[in-house]
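So that the names make sense, note that chain A is the first sequence line, chain B the second, and so on, each numbered from 1.
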Amino acid sequence: MLDPKYVRSNPEEVAKLLKTKGFDFPVEQFVELENQRKELQVQTENLQSERNTRSKGIGKAKAAGEDIQPLLAEVAELGKQLDEAKANLSALQEKLEDLLVGVPNIPDASVPEGEDEEDNVEVRTWGTPRAFDFEPKDHVELGELDGQLDFETAAKITGSRFSMLKGKLARMHRALIQMMLDTQTEEHGYNEVYVPYMVNADSLRGTGQLPKFEEDLFKLPFGERHYYLIPTAEVPVTNIVRDEIIDAAQLPMKFVSHTPCFRSEAGSTGRDTRGMIRQHQFEKVEMVQIVEPSKSWDALEEMTGHAEAILQKLNLPYRVVALCGGDLGFSAAKTYDLEVWLPGQQKYREISSVSNMTDFQARRMQARWRNPETKKPELAHTLNGSGLAVGRTLLAVMENYQTADGKIEVPEALRPYMGGVTEV
RNA sequence: GGAGGGAUGGCUGAGUGGUCGAAAGCACUGGUCUUGAAAACCAGCGGUCCGAGAGGGCCCCAGGGUUCGAAUCCCUGUCCCUCCGCCA
């Protein structure tokens, strides 16, 4: 959520900045509601003040043994007025809240302008796509050769957009997870956490998936309420600090977690239907940092490097792109995507996304730190990034490490995790 | 599933329907003392919203209710703890 004070005093500017994200901020409606709110709030608080003073008076009179009947009569009408004012005020505040909670984060000044992914800006590239002396296959074809990647059985068990791995390929998938976790914990100082894969609505509101993007989630009825399958570990891990006031000494907090992710893909029917690029269920190793505000931009660069380290270990060619305003996510102020080279598609495809959410999620979550300078609780900054999407990494390894006879060479970095297996 | 107990400031923990936003301790900040530090002593110290300010409102798990007045009484829910049963 944006800072209501800031929005209140600069509604036009907010509208202008949000336009770069393709969002129309309803300035007039907001200002109108705000003015009403102010008037009602003052009125209500005056009534409350009046009631408090009178009630105290009654208490004193009673203690002094005086007759309180006349005082009670005076107060009779006050209660009704107060109830009415309170009801009006809370209805109005709810409207304002509903409006603000649906407004995305403001892009950082450094974010390139643009409407969609076509306008993203390449920041750097790493590695060179391999020159094949045969026609490279895509991962679906490679998987079919010895049946280790099986979409049909997964479709029978569940439905479309699910996959099943077998044998050495399943092991390589697991090896990737171990390698990623070990790298982030042992080399980059992250604290590994194991978290729930189902979360409540408060957590999703905290990170920004609710209320706007409910249709992207799997929702599970549970008693009178609902739980949701996590779309990313960002949700449970970032919510570790929801409603907390963190000691400055504990910052930065750096968490890494491996979880499955579940997405309904409601808005993407027909996109990436072939292969395991876009699945309802996939594994991801996620990095999350909670930092003091002045450090978040450095942390974004650092975290991007932590994700890149995995691709470099696997010797997979990739590029880093800065997302343009129109392609930025709801909660992000700035995002770098890592795109890995896929010989099967002859394209770079997203394999990681690293974002600085600034104080946007922290405000929704009330995640604060105590600033030693001011001694006051202030909003922290939150960041998250994939390190990496495991399914997509697996298919990138398959396509980049394929041999002419349709086998897959095991990358050096994975061999310690594969019990010496060199070919899948 | 059954039976009990609990939830209060950064943390621990008192709290009688009416000067209770709340004792005390810890932590923290400042001071005295000290060559320096520790200890001791003194003082300060919750969060949030409105307001230019003066000042005021709200917050004792959450939501309702009773009352002129609720941390305190009543109802519902959530979470935690103990015991029994079941269970990977």
Side-chain angles (χ1 to χ4, degrees), chain A residues 1-11 30-31 33-97 99-101 194-206 220-228 236 239-251 253 290 292 359 362-380:
Chain A
M1 201 162 80
L2 299 177
D3 182 358
K5 280 184 194 164
Y6 170 67
V7 179
R8 221 174 272 153
S9 39
N10 311 284
F30 176 80
V31 171
L33 283 171
E34 223 353 270
N35 289 339
Q36 285 179 31
R37 190 224 91 232
K38 198 181 232 175
E39 197 184 321
L40 249 176
Q41 183 161 348
V42 170
Q43 186 195 334
T44 308
E45 290 183 2
N46 284 341
L47 282 169
Q48 288 183 138
S49 173
E50 176 82 15
R51 184 214 47 201
N52 292 345
T53 329
R54 299 220 178 199
S55 286
K56 273 188 184 163
I58 291 173
K60 276 186 193 162
K62 205 176 173 187
E66 294 167 19
D67 180 15
I68 58 170
Q69 281 311 315
L71 292 174
L72 288 181
E74 278 179 42
V75 185
E77 192 58 25
L78 244 182
K80 274 182 206 159
Q81 286 179 31
L82 224 189
D83 284 346
E84 201 178 317
K86 270 188 183 169
N88 290 339
L89 179 62
S90 67
L92 204 56
Q93 277 172 332
E94 204 173 313
K95 267 191 202 169
L96 267 167
E97 169 81 13
L99 195 159
L100 275 181
V101 91
Y194 168 78
V195 291
Y197 300 158
M198 294 182 214
V199 293
N200 57 35
D202 284 342
S203 291
L204 288 156
R205 217 171 287 122
L220 311 172
F222 184 65
E224 299 291 298
R225 306 175 306 155
H226 295 275
Y227 286 158
Y228 297 82
N239 273 279
I240 289 172
V241 295
R242 170 152 56 88
D243 294 323
E244 299 288 336
I245 297 175
I246 306 157
D247 265 1
Q250 288 187 53
L251 298 180
M253 295 173 103
I290 316 295
E292 49 189 271
D359 62 6
R363 187 171 292 104
R364 290 172 161 246
M365 289 192 299
Q366 284 303 294
R368 295 173 293 171
W369 69 299
R370 197 172 289 277
N371 184 342
E373 309 260 313
T374 63
K375 301 190 181 79
K376 293 286 173 194
E378 294 173 11
L379 295 172

Set out, line by line, the N/O atom pairs under 3.5 Å between protein and nucleotides 6-12 of chain B.
none

Using atom names, set out every protein N or O paired with an N or O of nucleotides 68-77 of chain B below 3.5 Å, distance rounded to 0.1 Å.
residue : atom : partner : partner atom : Å
B/rC68  : O2'  : A/Ser55 : OG           : 3.0
B/rG69  : O4'  : A/Ser55 : OG           : 3.1

Which protein N or O atoms sit under 3.5 Å from an N or O of nucleotides 50-53 of chain B?
residue : atom : partner : partner atom : Å
B/rC50  : OP1  : A/Arg8  : NH1          : 2.2
B/rC50  : OP1  : A/Arg8  : NH2          : 3.1
B/rC50  : O4'  : A/Gln41 : NE2          : 3.4
B/rG51  : OP1  : A/Lys38 : NZ           : 3.1

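Looking at residues two or more places apart in sequence or on another chain, you find a side-chain contact (heavy atoms from CB on, under 4.5 Å) between A/Gln69 and A/Asp67, A/Leu72. In this structure, the side-chain contact (heavy atoms from CB on, under 4.5 Å) partners of A/Pro221, at least two apart in sequence or on a different chain, are A/His226. Legend: residues meeting ring pair (Phe, Tyr, Trp, His ring centres under 6.0 Å) with A/Tyr6, ordered by chain and number and at least two apart, are absent. With sequence neighbours excluded, the residues that form a side-chain contact (heavy atoms from CB on, under 4.5 Å) with A/Lys5 are A/Asp3, A/Arg8. Partners of A/Arg370 according to the side-chain hydrogen bond (donor to acceptor under 3.5 Å, both in side chains) rule, which considers only residues two or more places apart in sequence or in another chain, do not exist here. Legend: residues meeting ring pair (Phe, Tyr, Trp, His ring centres under 6.0 Å) with A/Tyr228, ordered by chain and number and at least two apart, are absent.
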- Which string of ( ) [ ] | and . matches RNA chain B, if you list each base 5' to 3' and count Watson-Crick or G-U pairs only when both distances are under 3.5 Å? ((((((((.[[[..)..(.....]]].(((((.......))))).(((((....))))).[[[[[..)....]]]]])))))))....
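Annotation: salt bridge (charged side-chain N to carboxylate O under 4.0 Å, His left out) contacts involving residues 76-96 of chain A, sequence neighbours excluded, are absent. For residues 48-60 of chain A, every residue pair satisfying the salt bridge (charged side-chain N to carboxylate O under 4.0 Å, His left out) rule, not counting sequence neighbours, is listed here: A/Glu50-A/Arg54, A/Arg54-A/Glu74.
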